[in-house]
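I have placed the structure first, in the form of structure tokens, so that the comments after it can refer back to it.
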Amino acid sequence: MKNGAEEVTEIVRGELKNLALQKEIHTTKTLCNGQCKHGPIVVLYPDGAWYKEMNKIKSEELIHQLKEERTGNLSSKLYYHDGKTFKKDESEI
């Protein structure tokens, strides 16, 4: 809920509605992912990608990328899943 997370939630949900993606993409608001210093965080499943410091522009871009069935790192990827474990994104090392 810190750092504008409520606004990011509303933006993501609004963009999903605008693009008629509510039946394909489900959202769940969580209380804490243990990463407040990087918040707001958006976690994309089943990819297992964690996006940090999300805002209006990054949130809209992520939803548009999902509509086009592609994902980029938005200069925000914090963690990703390699099929076995979560790893810190190489841009964060």
Side-chain angles (χ1 to χ4, degrees):
M1 300 304 296
K2 291 185 177 182
N3 302 326
E6 186 66 34
E7 179 185 20
V8 167
T9 300
E10 294 305 316
I11 291 166
V12 166
R13 289 178 173 170
E15 202 61 23
L16 290 172
K17 183 177 180 181
N18 290 342
L19 297 173
L21 294 173
Q22 306 101 310
K23 291 183 181 180
E24 289 84 16
I25 300 174
H26 176 75
T27 63
T28 304
K29 184 167 64 171
T30 63
L31 295 177
C32 178
N33 291 317
Q35 295 292 330
C36 287
K37 68 181 179 183
H38 296 294
I41 298 284
V42 172
V43 182
L44 181 62
Y45 283 102
D47 298 16
W50 291 47
Y51 294 92
K52 67 177 182 172
E53 300 166 353
M54 293 299 285
N55 58 32
K56 180 180 187 319
I57 294 168
K58 291 177 183 179
S59 298
E60 290 173 346
E61 177 63 21
L62 179 62
I63 301 306
H64 284 270
Q65 287 179 6
L66 294 173
K67 181 177 174 74
E68 296 170 10
E69 297 182 7
R70 63 182 176 87
T71 55
N73 84 7
L74 305 173
S75 301
S76 284
K77 197 178 284 184
L78 181 61
Y79 296 108
Y80 68 97
H81 198 272
D82 69 358
K84 295 179 183 178
T85 60
F86 283 100
K87 294 189 174 187
K88 198 159 186 77
D89 192 70
E90 292 158 4
S91 67
E92 290 294 314
I93 297 175

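The structure presented is a predicted model; accordingly, all values stated were derived computationally and were not measured.
Under the 4.5 Å side-chain criterion, counting only non-hydrogen atoms from C-beta, H64 is in contact with L19. Residues L44 and L66 meet the side-chain proximity criterion, which asks for heavy atoms closer than 4.5 Å.
Interatomic distance, CD1 of I57 versus CD1 of I11, reported as 9.5 Å (0.5 Å rounding). Taking NZ of K17 as the start and CD1 of I63 as the end, the distance is 15.0 Å to the nearest 0.5 Å. The NZ atom of K23 lies 14.0 Å from the CG atom of L16; values are rounded to the nearest 0.5 Å. Residue Q65 holds its CD atom at 12.5 Å from CD of E60, rounded to the nearest 0.5 Å. Remark: E15 CD to K56 NZ distance equals 7.5 Å, nearest 0.5 Å.
Nearest approach of V42 to M54, heavy atoms of both residues: CG2-CG, 3.6 Å. Closest non-hydrogen pair, P40 versus G4, comes out as CG-C, 3.8 Å.
The backbone N or O of C36 lies less than 3.5 Å from a partner atom in the side chain of N3, making a donor-acceptor pair. In this structure a side-chain-to-backbone donor-acceptor pair under 3.5 Å is missing from N33 to Q35.
Within a 6.0 Å sphere centred on CD of E7, heavy atoms belonging to other residues, nucleotides or ligands number 12 at most.
Between E6 and K29 a salt bridge is recorded (basic side-chain N to carboxylate O distance below 4.0 Å).
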